[in-house]
2 protein chains.
Amino acid sequence: MNDRRPTLADVAHAAGVSTSTASVVFSGKVNVAEATRERVLAAASELGYTGPDPRAASLRLGRSGIVAVVLGGHLRHAFLDPVTTAMMDGLTDALAEASAGLLLLRDDPHEAGAHPVTEAPVDAVVLIGCSARTREALEIVRGRGLPVVVIEGDAGEGIPQVTLDNREASADVARHVFQLGHKHVALVTLALDADRRRGIVTPEHIAAATVDVTLDRLAGAREVFPDAPAISAAGSLIDEGMIAGRALLTDSAHRPTAVLAQSDLLAVGVIRAAEELGLRVPEDVSVAGFDGIAVDGLGDYRLTTAVQPAVRKGRAAGEQIVRMLDGEPGETVHLACRFRAGSTTAAPPARP
Amino acid sequence: MNDRRPTLADVAHAAGVSTSTASVVFSGKVNVAEATRERVLAAASELGYTGPDPRAASLRLGRSGIVAVVLGGHLRHAFLDPVTTAMMDGLTDALAEASAGLLLLRDDPHEAGAHPVTEAPVDAVVLIGCSARTREALEIVRGRGLPVVVIEGDAGEGIPQVTLDNREASADVARHVFQLGHKHVALVTLALDADRRRGIVTPEHIAAATVDVTLDRLAGAREVFPDAPAISAAGSLIDEGMIAGRALLTDSAHRPTAVLAQSDLLAVGVIRAAEELGLRVPEDVSVAGFDGIAVDGLGDYRLTTAVQPAVRKGRAAGEQIVRMLDGEPGETVHLACRFRAGSTTAAPPARP
DNA sequence: TTGTACGCGTTATCAC
DNA sequence: GTGATAACGCGTACAA
């Protein structure tokens, strides 16, 4: 008894038909006489043949039914971010229509060797964010001639992207706070680069930064508050927001009257830090976020924020991928955030 | 100019070498004269050849470098669950050593057509949970002869599994509450089946239930409190816990003195519901959870719970996959939870 | 060190 | 409705 798995040819042989006929029985694309069909199926189950080998099929067909998603950094990081998961959700929805699976690839800047996207049998690629390493992935993918969509990253020259009006939306939030009368405002930014270091953001840091989202939101806020100090967090986490919040709010002499955080999770952390220090939000300090996600544990607050269409972002990317797989050209999609005033911002406290 | 992508043969031809030589240049498995090497590489970049086609390579090599993870239900659901994300994290860590990518497949019970795992070019499969549909996936995977590991599901006959002592751990929690003096206890369960319906759990529901985790934790609690009423939630969410909590705690005449929830998120929801009703935790009502995750927004509470090794669960599964890909037999791994007493349980209030 | 020849398992095309 | 044939693009004994 042979130990290797049965192939279509084995089945065809056992059923006394040609391999092409057997193939057609499984693909169902051409009519087959009912009798032959059953003979083939019987032979298949006899031999334990469970259908065409996807590897061979994908070589023959030129497609594997798999779309890669390249995420920066550790997957844990990515999945802890509600915006990312919402986006993935929209993406899978859109791709489900092409019945494509989603291959998760991490984009570790500290990893040696070939980029994983080089060796993955995928039909298309979605790049999220755009670190230097992501740009490298983009080159590889383009070289392979695969359809690609970049979500929130500067891809350049004719590559379909899904963009968000980060700068404008961030400016909207800042303007709201400005109109409430705040002069003394501090910013909490997302990571500036793949190293994700915490600390005060200097012009040098900005020059060396690689994360466009962070830079755009920062630029938007500084349209309104050009001199606002900024402190960067290591990631979009409540804990990171608390660390930044403590750093900003502890010293009562230099305490800002408002803090603009680049994500809702960071904003919640800042609020926690404020509460910890006995400050009331928004009476003593106003806090605004970005994203418009539903944050667990926010209590009665309703965050002032820019609501971004996270699910639609993923869905839009998926739709472009599907289009390109159908041979049509991909298009860049611009999505807009919507400002939402909440209960965490108010006029600054009267100072003596 | 030909429009189709260049192949290894084209490169070899342009470089004036045989395809095997060219192949070896890219795989690097055999020594090649430096001069030839450079000629081949030059020809490759000339033609825009970016390396072997992964589809062809995977057919030839018999492996694709992809491991499938089959998740029940919607991905959004899965990634909202901190236990799942932690597990995925451990899984990716373990699989990174085999430099395998992770293919996300959803296991939609309401979806028609062939199970996605039938057509995916993967080397191994990880099944999470075990609905009826998952069992179907298991059959397919076994038929294809792929290595498979089942996480927290009843796989039966010689299939490597990663299991948790759900029943014992649940009983531990219940025992703790029992020893505090509680007699009147209610349970909040996870979903019983793929339909995820909310409501009072009847013996009929239990008989028709398909989610082993839910049943095991339920059974554990009822070892200690055989008559405890149970109410099922539609998922492991704070909101679901609130809904269940309101249902259990609103009627002061039949209010339990303790609520055992099958997940920490549910427990937090129950606590929220209690606070909403003006009840103090643990003075008026004790609440315990399951999982031992860090819940955002829990405030000063420290949840009484069973801490499960979520990351290790994923890591263990990944390690077994790696073993099996190396040709060794996979083994079942049993993991244990650790009881953790917190500040959300105390002796029941004295009743008049 | 390099080249020849074959097979991996399938499917599309065309005849019959 | 069915069958012969030719790719799909690559890796690897084996021979030179």
Side-chain angles (χ1 to χ4, degrees), chain A residues 2-41 43-44 47-65 118-123 144-146, chain B residues 2-41 43-44 47-65 118-123 144-146:
Chain A
N2 202 328
D3 158 62
R4 92 179 201 295
R5 302 210 61 73
T7 72
L8 191 56
D10 298 332
V11 174
H13 185 77
V17 299
S18 72
T19 54
S20 26
T21 304
S23 171
V24 161
V25 167
F26 286 99
S27 73
K29 290 199 173 177
V30 182
N31 281 352
V32 182
E34 187 54 28
T36 12
R37 221 183 81 85
E38 281 177 8
R39 256 210 335 286
V40 171
L41 259 27
L47 294 174
Y49 179 79
T50 50
D53 180 339
R55 281 184 281 259
S58 75
L59 171 59
R60 181 62 241 234
L61 296 172
R63 54 188 162 71
S64 61
T118 315
E119 301 171 350
V122 298
D123 298 338
R144 279 180 59 188
L146 295 175
Chain B
N2 204 330
D3 158 61
R4 90 179 202 297
R5 302 212 60 74
T7 73
L8 190 58
D10 297 332
V11 173
H13 184 77
V17 300
S18 75
T19 57
S20 51
T21 305
S23 171
V24 161
V25 167
F26 285 99
S27 73
K29 290 198 173 178
V30 182
N31 282 352
V32 182
E34 187 53 29
T36 7
R37 221 182 82 84
E38 282 177 7
R39 257 211 333 286
V40 172
L41 258 29
L47 294 175
Y49 179 79
T50 49
D53 179 341
R55 280 184 283 259
S58 75
L59 171 58
R60 182 62 243 238
L61 297 172
R63 53 187 161 71
S64 60
T118 316
E119 301 172 347
V122 298
D123 298 338
R144 280 180 58 187
L146 296 175

Would you say the base of D:dG11 and the side-chain of B:Ser20 have a donor-acceptor pair closer than 3.5 Å? no
For the pair B:Arg39 (side chain) and B:Ala15 (backbone), establish whether a donor and an acceptor sit closer than 3.5 Å, ignoring hydrogens and angles. yes
If you find the nucleotide of DNA chain C closest to B:Ala56 and the one closest to B:Gly16, which residue's nucleotide is nearer the 5' end? B:Gly16
Rounding to an integer number of Å, can you tell me how far A:Arg63 CZ sits from D:dG9 P? 15 Å
Send over the distance from A:Leu59 CG to D:dG9 P, rounded to a whole Å. 7 Å
Hey, does B:Leu8 reach any base, or is it just sugar-phosphate, or nothing, if we go heavy atoms under 4.0 Å? sugar-phosphate
Rounded interatomic separation in angstrom, taking CZ from B:Arg60 and C1' from D:dG11: 4 Å
With sugar-phosphate meaning primed atoms plus P, OP1 and OP2, does A:Phe26 contact a base, only sugar-phosphate, or nothing at under 4.0 Å between heavy atoms? nothing
Listed nucleotide nearest any side-chain atom of B:Pro52, set D:dT2, C:dT1, D:dC10: D:dC10
To the nearest angstrom, the CG-P distance between A:Leu61 and D:dG9 comes to 12 Å
Ignoring backbone atoms, test whether B:Ser18 places a side-chain nitrogen or oxygen under 4.0 Å from the OP1 or OP2 oxygen of C:dT2. no
Checking all strands, does B:Val32 fall into the base, sugar-phosphate, or nothing category for heavy-atom contacts under 4.0 angstrom? sugar-phosphate
In whole Å, I'd like the distance from the OH atom of A:Tyr49 to the C1' atom of C:dG9. 8 Å
Report yes or no: does B:Arg144 contribute a side-chain atom to a donor-acceptor pair with the main-chain N or O of B:Thr118 at less than 3.5 Å? yes
Contact class for A:Thr36 vs. all strands (heavy atom < 4.0 Å): base, sugar-phosphate, or nothing? sugar-phosphate
Kindly give the heavy-atom pair with the smallest separation between B:Gly62 and B:Asp123, and that separation in Å. O-OD1, 4.4 Å
Distance, rounded to the nearest Å, where A:Leu47 contributes CG and C:dG9 contributes C1': 15 Å
Strictly below 4.0 Å: does A:Ser23 bring a side-chain N or O up to OP1 or OP2 of C:dT11? yes
Is it true that B:Arg60 and B:Asp53 make a salt bridge, defined as a side-chain N closer than 4.0 Å to a carboxylate O? no
In this structure, how many angstroms lie between the P atom of C:dG9 and the NE2 atom of A:His13, rounded? 16 Å
By the 4.0 Å heavy-atom rule, please label B:Val30 as base, sugar-phosphate, or nothing. nothing
Distance, rounded to the nearest Å, where A:Asp53 contributes CG and C:dG9 contributes C1': 6 Å
If you look at every strand shown and take non-hydrogen atoms under 4.0 Å, does A:Val24 touch a base, only sugar-phosphate, or nothing? nothing
Heavy-atom nearest pair, B:Arg37 first then B:Val32, reads N-CG1, 4.1 Å
So what does A:Thr7 touch, heavy atoms closer than 4.0 Å: a base, only the sugar-phosphate, or nothing? sugar-phosphate
